[in-house]
Amino acid sequence: MKLTPGEQKIQGNFLPGAITRDGFLGSDSRHIHDIVLEDGRTLERLGLNTGEIADRLKFFMDEGKKGLEAPVVSGTFTVQVEWHKGSLPCPFGEGGLHQKIMARLCSNQTGKCIRFSQMNIHLIREHGFFEGKGSPLRLDPEDLAAFLGL
Amino acid sequence: MCKCRVLEGAGSFRPAELSRLSQKEREEHIRLSCQVQVRRDLAIAIPDDLMRIRDYQAEVTLISDLTHDIKLVRLAMIDPEEILFNPGQYIKLETKPYGNVRLKVMRAYSIASPSSETKSLDLMIRLVPDGICTTWVHRHLEQGERVRFIGPMGDFGLHEGEGEIVLVAGGSGMAPMVSLLAEFQEKKIRRKVTYFFGALARRDLFYLDEMRAFEKEITDFRFVPTLSSPAPDDAWRGETGLITVPLKTYLEKESRATAQGYLCGSPGMIQACIQVMNACGIGEDRIFFDPFS
């Protein structure tokens with residue numbers, strides 16, 4: 001696919017070292033639009049939308065923030081939030097900054113845990129982007145929905 | 001916010017400014033630079049501190065572990081040979097390319113050393129998952145290496161007052177507090193100082209010996225480390241719970257009508273502590289903070 005200079009610049013934001021150390025694409029060689037489209041189809045098959053996923057993640061992020069970095073039990077989950085100094089721009093380049101906040105959410109029933117960032121919530125809600133396969137913060141929509149019980 | 005002092009030519013205050021500037025600020029000609037329309041020459045007052053910002057070359061003379069995820073980095077000035085700063089200020093450190101990271105970035109870190117030490121400065125840098133600069137510092141930066149930074153910047157620091165000083169910090173928020181405490185010690189400031197430091201477990205505590213030394217050398221200083229999730233083998237006998245717990249217990253004991261609060265940490269921690277301070281009689285005009293944002 002031929003990219004405009006503007007699209008090339010945005011694509012560059014997703015690469016390692018541009019905004020974050022590892023970038024947002026992992027080993028995924030697909031175009032960002034294709035990643036979004038395929039994950040969108042998965043959500044459609046599950047009968048979910050990005051807002052529902054983002055709302056659930058935000059709920060746990062907000063719960064975790066109350067712990068001031070200590071673990072917080074919320075229902076059948078335990079969430080722990082780390083709040084780091086600084087903020088990051090969205091790789092899609094629409095302006096605004098997102099604080100460097102990481103959450104570790106664990107199911108108290110299965111012991112399984114996921115990690116996600118404040119940026120993940122924004123990327124899912126506003127752009128339908130769950131990150132590329134192999135990215136350290138990739139949240140596979142099907143696995144995520146099952147984990148969250150959606 | 002983008003506050004600046006415009007002495008002439010800025011015209012009348014716009015609605016967005018009126019809702020964000022106090023009466024006192026308006027009387028002092030403080031404006032929001034994002035709102036002022038430039039239609040003629042302006043006379044702008046530039047703070048002296050801004051004029052002190054320089055581009056520095058320095059040598060890394062020490063990198064050591066403070067905790068499992070915080071490192072102490074000491075930089076010796078090369079060019080210029082000295083740095084003048086106020087306790088509480090920060091610098092912006094420039095990275096070098098490494099691994100997949102080809103671009104240089106600059107990140108802000110508070111100075112953690114006395115302002116009387118002008119030939120070198122200390123930084124406390126916590127590893128950020130997937131962070132460009134902190135990964136460079138923790139995994140690639142070496143002693144003897146030459147680095148570039150700009151600074152000093154920021155207006156977090158000691159304000160005039162007579163009353164007690166209450167410090168609250170967590171994690172690498174320790175950095176500006178160390179610089180402030182060194183100032184209290186060197187200038188023999190005779191105000192009561194109590195410092196609440198929040199951590200998860202004993203492995204997240206550091207600078208305990210330095211704090212004990214300050215307790216001996218500052219007239220009326222007490223350090224209160226508090227663990228929110230002590231590990232079973234920590235054998236912790238100190239304060240436990242969120243940092244707001246011992247802070248509230250302490251502040252409720254007597255009137256805090258002249259006390260000042262100084263906070264450094266996550267916005268969540270700062271907000272929670274401000275609520276406690278307000279409820280205990282420390283008004284917003286006597287609370288100063290340096291958020292991780």
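Chain letters run A, B, ... following the sequence lines, proteins first and then strands; every chain starts at 1.
For A:L15, no part lies under 4.5 angstrom from a heavy atom of chain B. At a 4.5 Å heavy-atom cutoff, the contact between B:L127 and chain A is made by backbone atoms alone.
The nearest pair of heavy atoms linking B:L200 to A:E69 is CD2-O, 3.1 Å. In terms of heavy atoms, B:A272 sits closest to A:L68 at CB-CD1, 4.4 Å. Contact between A:W83 and B:G268 at its shortest, heavy atoms only, is CZ3-N, 3.4 Å. In plain terms, the two heavy atoms of A:R21 and B:Y98 that are nearest each other are CG-OH, 3.7 Å.
Crowding of B:K104 atom NZ: a count of heavy atoms from other residues, nucleotides or ligands under 6.0 Å not exceeding 12. Atom CG of B:D155 is surrounded by 12 or fewer heavy atoms from other residues, nucleotides or ligands within 6.0 Å. For B:F156, the CZ atom sits in a packed shell: over 12 heavy atoms of surrounding residues, nucleotides or ligands are nearer than 6.0 Å. Within a 6.0 Å sphere centred on CZ of B:R202, other residues, nucleotides and ligands contribute more than 12 heavy atoms. Within a 6.0 Å sphere centred on CZ of A:R30, heavy atoms belonging to other residues, nucleotides or ligands number more than 12.
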Point to revise | Stepwise side-chain contact (heavy atoms from CB on, under 4.5 Å) check, A:K85 with B:R126 | key: CA-CA 9 Å; A:K85 192 163 188 163; B:R126 185 183 184 189; over 6 Å; no
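When each of A:K65, A:E82, A:K66, A:M102 is scored by its heavy-atom pairs under 4.5 Å with chain B, the top score falls to A:E82. Taking B:T95, B:V101, B:T134, B:L227 one by one and counting their heavy-atom pairs under 4.5 Å with chain A, the maximum is reached by B:V101.
At a threshold of 4.5 Å between non-hydrogen side-chain atoms, the residues B:S229 and A:Q80 do not count as touching. Residues B:S172 and A:H84 form no side-chain contact, since every pair of their non-hydrogen atoms from C-beta on lies 4.5 Å or further apart.
Taking CG from B:D130 and CD1 from A:I19, the interatomic distance works out to 11.0 Å, rounded to the nearest 0.5 Å.
When the heavy atoms of residues 230-242 of chain B are compared with those of chain A, the residues falling under 4.5 Å are B:L242, listed by number.
In this structure, B:N100 contributes its side chain and A:P16 its backbone to no donor-acceptor pair below 3.5 Å.
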